[in-house]
Asker: 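What follows is a single structure, and I will ask about it in a moment.
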Amino acid sequence: MEEIQVVVGGAARTVPRGTTPADILGSKSKALAARFDGRPVDLDRPLTGNGALEPIDPGSSEALEILRHSTSHLMAEAVRALFPGVKVSIGPAIETGFYYDFDYDKTFTPEDLPRIEREMARLMKRNHKFTRQEIPRSEAIALFTDMGEPYKVELLEELTDDTVSLYRQGDFVDLCRGPHIPHSGRVPAFKLLSVAGAYWRGDENRRQLQRIYGTAFFTKEELDQYLHFLEEAKRRDHRRLGRDLDLFSIHDEVGAGMVIWHPKGGLLRMLIEDFERQEHLRRGYQIVVGPQILKTALWERSGHYDNYRENMYFTEVDGIGYGIKPMNCLSHMFIYKSRIRSYRDLPQRYFELGVVHRHEKSGVLHGLTRVRQFTQDDAHLLCRPDQVNDEIKGVIDLVIDVMNVFDFEYELELSTRPEKSIGSDEDWELATLALRTSLEEKGLPYQVNEGDGAFYGPKIDIKLKDALGRRWQCATIQCDFTLPERFDLTYMGEDGQRRRPVMIHRVILGSIERFIGVLVEHFAGAFPVWLSPVQTILLTVTDRADDHARMILNRLRAEGLRVEADLRNEKLGFKIREAQLQKIPYMLVLGDEEVEAGGATVRARSGEDLGFQTIDAFIDRLRPEAARPRFG
RNA sequence: GCCGACGUAGCUCAACGGUAGAGCAGCUGAUUCGUAAUCAGCAGGUUGUCGGUUCAAGUCCGACCGUCGGCUCCA
């Protein structure tokens with residue numbers, strides 16, 4: 001009998017060819033699958049060559065992915081059993097669970113989910129094995145054609161391999177690369193979550209299928225924890241908190257995707273915007289302002305008309321077409337062009353809190369995070385080619401500093417040329433290289449998204465991570481060789497020759513609206529003191545403390561602190577509850593004792609009792625927390 | 001834009017095709033109270049809009065508007 005060498009846990013073993021990982025790992029192993037020579041394999045997959053074997057044990061992210069993938073097969077089996085005639089398509093594991101897309105003439109409703117769950121539980125009890133089978137592709141095509149599964153056939157027809165693998169559990173067969181858990185009895189905890197439409201292969205021109213989302217975990221506790229996380233996310237939803245904290249509102253009478261900022265939200269914006277203005281001035285930016293509408297002819301020249309028209313609004317003034325700006329770059333180029341620039345003048349850094357309008361498809365609008373009018377903390381840097389690298393690194397530094405100020409973690413992504421784009425191959429290569437080099441030199445890890453760039457240039461996107469680990473696109477740095485060309489921007493070089501500057505588009509927070517939405521959810525509405533619309537509230541126990549409260553109110557206001565007083569004839573517990581729900585950082589309790597002692601008893605938003613303090617002591621405590629952050 | 005669900009008082013939600021209701025919030029009054037809800041009373045609505053079916057529509061049908069969950073797109 002032929003033998004093979006398998007390395008397990010550092011020790012080499014010689015076993016007969018065809019031995020399975022399960023045989024080698026032994027019956028005590030908890031593994032769900034294994035990794036052989038780096039490739040995930042089923043436990044019952046006969047090994048045919050030498051290699052290193054590692055178990056994939058529950059608890060690893062890889063095991064979770066396999067579990068969820070197998071659960072999606074189990075769900076597909078249940079759906080097939082309950083809804084005869086349903087066509088299956090694909091069902092992968094995703095970050096939060098899994099889904100499976102079906103084509104069925106009736107639509108699934110949320111009420112179907114418990115039924116499907118029960119069927120899954122029933123099927124699970126049969127402990128069906130997931131068995132792998134390898135057959136020629138042509139045979140698989142014939143098989144799925146006979147089964148009336150056109151989506152599988154389409155997938156098979158696009159594969160180039162000669163053999164493909166099928167997985168069976170019970171009566172259910174699916175085209176699948178695997179691996180899977182040994183049998184369907186090993187799904188400890190799962191739940192189906194929602195139904196939604198999804199285009200076949202993500203293409204909006206193709207048939208829309210019905211997607212069922214679910215999730216699975218190794219323990220009931222982890223599942224409960226995840227469901228609790230969903231609850232927590234709901235509790236933090238900025239749309240709810242935005243109303244409860246009286247920050248903003250959106251009305252259908254006004255228009256979808258149009259935000260109205262209330263006084264507290266307006267204040268929050270002002271605090272963030274002032275912080276940004278100061279920080280940009282400090283870093284050598286100049287503050288500029290451009291018009292809201294610019295002639296359509298200009299958008300034609302810039303390429304926006306050809307590439308971005310469907311997202312723009314147009315109007316007419318005195319018979320001449322105008323486009324409402326969806327981006328701020330055009331007027332910035334006119335600032336540059338307003339005089340002759342020397343190589344000594346560069347870089348020019350124009351910063352604008354620019355209000356832009358974009359016609360987003362109705363179905364994508366969402367609270368503050370997806371709107372049709374928003375303010376960008378936008379800047380355009382015009383520099384010499386030899387300055388690009390330093391400029392990009394400067395922007396990355398700014399992004400990192402700002403992310404730290406707002407207490408966010410972040411991830412970096414490099415996006416390359418999309419299909420719909422303008423400019424020469426050479427320029428694209430150069431620009432992409434410039435971004436890549438800057439990232440490398442900063443020593444920052446990043447992920448590459450092929451074809452995800454803007455139509456005028458490649459970009460670095462910064463995805464921030466909020467307190468619940470969700471990722472949001474905010475900052476983006478885009479390199480552009482095209483617009484300077486189209487608008488014939490030049491500078492006088494050292495040698496007296498006209499040269500072409502490079503343009504870098506960048507935002508830090510991105511959209512102020514979206515950023516505030518994310519900020520609200522990140523802090524669950526409990527903003528740091530410097531961003532809290534109300535920093536301190538004075539709570540009187542009886543009206544005997546009213547004069548004392550008024551005196552403190554004036555003192556704190558004179559210090560530039562944001563204070564309110566609750567002098568209503570209500571019980572202290574009631575006032576505390578309201579202040580707590582408003583997430584006000586400090587509550588000063590004022591009763592007879594405090595009037596007598598000439599101070600206040602301080603309660604923090606955390607519930608912590610900070611005891612009696614004099615007003616001076618309280619001001620000393622609050623002042624540093626209330627100050628706008630500074631660097632350096 | 002597409003698929004699905006939904007739209008009733010400021011908010012959260014009830015009401016079989018047969019007189020639109022509750023809690024919270026609001027207003028008025030009483031209560032002077034010590035760390036997350038004091039009590040009582042009052043008021044609050046063209047049931048998203050428009051059209052249709054019906055003796056009768058919040059309820060059934062259609063269109064539109066909007067919201068929510070996704071898809072596609074994206075700051």
Side-chain angles (χ1 to χ4, degrees), chain A residues 99 101 107-112 193-213 234 237 239-240 243-244 246 249-257 308 310-311 326-328 354 356 358-378 418 452 454 459 461-463 472-476 478 505-515 517-518 539-546 568-582 587-594 601-605 607-610:
Chain A
Y99 67 77
D101 286 349
T107 52
F108 300 129
T109 66
E111 291 76 56
D112 290 326
L193 298 169
S194 59
V195 266
Y199 299 107
W200 169 233
R201 317 203 79 172
D203 182 343
E204 62 179 321
N205 299 312
R206 310 217 38 191
R207 187 172 170 83
Q208 192 155 36
L209 308 177
Q210 299 187 62
R211 175 170 298 180
I212 301 180
Y213 282 95
K234 215 166 158 185
D237 192 320
R239 294 166 298 185
R240 161 183 285 275
R243 191 183 52 232
D244 291 350
D246 201 14
S249 57
I250 298 173
H251 309 258
D252 25 332
E253 298 97 316
V254 175
Y308 207 70
E310 60 273 26
N311 283 296
M327 299 181 191
N328 303 300
V356 296
R358 296 185 184 176
H359 180 216
E360 300 294 344
K361 292 177 180 181
S362 59
V364 307
L365 301 175
H366 182 93
L368 292 180
T369 60
R370 205 63 193 279
V371 293
R372 284 180 172 158
Q373 179 196 310
F374 58 100
T375 303
Q376 290 184 305
D377 60 338
D378 204 1
D452 250 4
K459 57 179 184 172
D461 283 331
I462 293 92
K463 298 258 162 81
W472 299 91
Q473 161 83 66
C474 289
T476 172
Q478 309 176 345
H505 309 241
R506 47 107 287 188
V507 291
I508 306 297
L509 304 180
S511 142
I512 303 293
E513 281 74 4
R514 171 178 294 179
F515 185 75
V518 174
L539 308 178
T540 49
V541 178
T542 71
D543 55 14
R544 292 188 296 279
D546 284 6
R568 292 176 301 173
N569 180 13
E570 296 287 353
K571 292 168 92 166
L572 181 62
F574 181 82
K575 294 184 182 186
I576 286 178
R577 177 182 158 80
E578 289 204 347
Q580 198 73 46
L581 291 173
Q582 287 298 305
M587 292 159 233
L588 303 194
V589 174
L590 308 172
D592 292 340
E593 297 163 30
E594 288 77 12
T601 301
V602 183
R603 178 191 159 105
R605 174 169 60 189
E608 195 187 350
D609 179 1
L610 301 175

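Note that the structure is a prediction, hence the values are computed from the model and not measured. Throughout, a chain's letter reflects where its sequence line sits, starting with A, and its residues are numbered from 1. For the numbers below, each heavy atom of this structure counts, side chains included, while hydrogens, waters and symmetry mates do not.
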Asker: When rounded to the nearest Å, what value does the distance between P atoms of B:G58 and B:C64 take?
Answerer: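 Straight-line distance between the two P atoms is 23 Å.
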
Asker: Give one of base, sugar-phosphate or nothing for A:Thr107, where a contact means two heavy atoms less than 4.0 Å apart.
Answerer: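 Sugar-phosphate only.
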
Asker: Write down the distance between OH (A:Tyr99) and C1' (B:G4), rounded to a whole number of angstrom.
Answerer: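 Atom OH in A:Tyr99 sits about 17 Å away from atom C1' in B:G4.
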
Asker: Distance between the P atoms of B:U59 and B:G48, in whole angstroms?
Answerer: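 Going atom to atom, P in each nucleotide, I get 8 Å.
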
Asker: Determine, step by step, whether A:Leu365 and A:Arg372 satisfy the side chain to side chain contact (heavy atoms under 4.5 Å, CB included) criterion, reporting the C-alpha distance in whole Å, the side-chain angles of both residues, the deciding distance to 0.1 Å, and the verdict.
Answerer: CA-CA 8 Å; A:Leu365 301 175; A:Arg372 284 180 172 158; 3.8 Å; yes

Asker: For the residue pair A:Arg358 and A:Gln373, confirm or rule out a side-chain donor-acceptor distance under 3.5 Å.
Answerer: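 Per modelled atom types, A:Arg358 and A:Gln373 side chains form no pair under 3.5 Å.
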
Asker: With rounding to whole Å, what would you report as the distance between B:C6 and B:A14 at their P atoms?
Answerer: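 Taking atom P in both B:C6 and B:A14, they lie 12 Å apart.
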
Asker: Rounded to whole Å, please give me the gap between CD1 in A:Ile250 and P in B:G48.
Answerer: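 Those two atoms, CD1 and P, are 20 Å apart.
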
Asker: Is it the case that more than 12 heavy atoms not belonging to A:Arg568 sit under 6.0 Å from its CZ atom?
Answerer: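 Counting neighbours around CZ of A:Arg568, more than 12 heavy atoms of other residues, nucleotides or ligands fall under 6.0 Å, so yes.
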
Asker: Looking only at heavy atoms, which two atoms of A:Val371 and A:Glu360 are closest? And how far apart?
Answerer: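 Heavy atoms only, the tightest pair is O-CG, 3.6 Å.
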
Asker: If the cut-off is 4.0 Å, is A:His366 near the phosphate of B:G69, judged by side-chain N/O to OP1 or OP2?
Answerer: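 Answer yes for this pair, as a side-chain N or O of A:His366 is under 4.0 Å from OP1 or OP2.
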
Asker: Using the side-chain contact (heavy atoms from CB on, under 4.5 Å) definition, which of the options A:Leu539, A:Asp609, A:Val541, A:Leu590 pairs with A:Thr601?
Answerer: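 Going through the options one by one, the only one that passes is A:Asp609.
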
Asker: At their closest point, which heavy atom of A:Arg514 faces which heavy atom of A:Arg370, and how far apart are they?
Answerer: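 What the structure gives for the nearest pair is NH2-CD, 3.6 Å.
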
Asker: How far does the C1' atom of B:A57 sit from the matching atom of B:U49, given to the nearest Å?
Answerer: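 The answer is 16 Å between these two C1' atoms.
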
Asker: Taking all heavy atoms of A:Ala604 and all of A:Met587, pick out the closest pair and write down the distance.
Answerer: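 Heavy atoms only, the tightest pair is O-CE, 4.5 Å.
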
Asker: Hey, are A:Arg201 and A:Tyr199 close enough side-chain-wise for a donor-acceptor pair under 3.5 Å?
Answerer: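 Result is no, nothing qualifies.
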
Asker: Within this structure, what is the CG-to-P distance between A:Asp237 and B:C11, rounded to whole angstrom?
Answerer: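 It is 16 Å, rounded to the nearest whole Å.
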
Asker: Restricting to non-hydrogen atoms, name the atom on A:Gln208 and the atom on A:Gly197 that form the minimum distance, rounded to 0.1 Å.
Answerer: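 Distance-wise, the nearest heavy atoms are NE2-C, 3.6 Å.
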
Asker: Can you tell me, in whole Å, how much space there is between the C1' of B:C60 and that of B:G17?
Answerer: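 Straight-line distance between the two C1' atoms is 8 Å.
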
Asker: What stems involve RNA chain B, if each pair must be Watson-Crick or G-U and both of its distances must be under 3.5 Å, with 3 or more such pairs in a row?
Answerer: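 The stems are B:1-7 with B:65-71, B:10-13 with B:21-24, B:26-30 with B:38-42, B:48-52 with B:60-64.
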
Asker: Distance check needed: B:A5 P versus A:Ile212 CD1, whole Å only.
Answerer: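 To the nearest whole Å, that distance equals 14 Å.
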
Asker: CG of A:Asp112 versus P of B:A5: gap in Å, rounded?
Answerer: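 After rounding, the reported distance stands at 11 Å.
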
Asker: If you measure from the P atom in B:C61 to the same atom in B:A22, how many Å do you get, rounded?
Answerer: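 It comes out at 29 Å once rounded to the nearest Å.
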
Asker: Taking all atoms of both residues into account, what is the closest heavy-atom pair of A:Thr476 and A:Lys459, and its distance?
Answerer: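 Scanning both residues completely, I find the closest heavy atoms to be OG1-CD, 3.6 Å.
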
Asker: Say you pick atom P in B:A75 and the same atom in B:A5; how far apart are they, in whole Å?
Answerer: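 Comparing P positions in B:A75 and B:A5 gives a spacing of 32 Å.
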
Asker: Report yes or no: does A:Thr540 contribute a side-chain atom to a donor-acceptor pair with the main-chain N or O of A:Asp543 at less than 3.5 Å?
Answerer: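 Answer holds: no.
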
Asker: What closest approach, in Å, do A:Glu594 and A:Val589 show between heavy atoms, and which atom pair accounts for it?
Answerer: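 That would be CG-O, 3.3 Å.
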
Asker: Nearest whole Å is fine: how far is B:U49 P from A:His251 NE2?
Answerer: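 Spelled out: NE2 on A:His251 to P on B:U49 is 17 Å.
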
Asker: Output one letter per nucleotide in nucleotides 70-75 of chain B: B when a protein non-hydrogen atom lies under 4.0 Å from the base, S when only the sugar-phosphate is that close, - when neither is.
Answerer: BBBBBB

Asker: Rounding to a whole Å, what distance do you find between A:Asn205:CG and B:C3:P?
Answerer: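 Rounding to the nearest Å, CG of A:Asn205 and P of B:C3 are 14 Å apart.
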
Asker: Check this for me, if you would: do A:Glu204 and A:Lys361 make a salt bridge, where the nitrogen-to-carboxylate-oxygen distance has to be below 4.0 angstrom?
Answerer: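 Salt bridge between A:Glu204 and A:Lys361, a charged N being under 4.0 Å from a carboxylate O: yes.
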
Asker: Distance check, C1' atoms only: B:A20 and B:G62, in whole angstrom units.
Answerer: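 About 25 Å, rounded to a whole number of Å.
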
Asker: I want to check one thing: is the phosphate of B:U31, taken as OP1 and OP2, less than 4.0 Å away from some side-chain N or O of A:Arg568?
Answerer: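 No, A:Arg568 has no side-chain N/O under 4.0 Å of OP1/OP2 on B:U31.
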
Asker: Which nucleotides of nucleotides 33-41 of chain B have their base under 4.0 Å from a protein heavy atom (B), which only their sugar-phosphate (S), and which neither (-), written as one string 5' to 3'?
Answerer: BBBBBB---

Asker: Starting at atom CD of A:Gln210, determine the distance to atom P of B:C2, rounded to an integer number of angstrom.
Answerer: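 Atom CD in A:Gln210 sits about 17 Å away from atom P in B:C2.
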
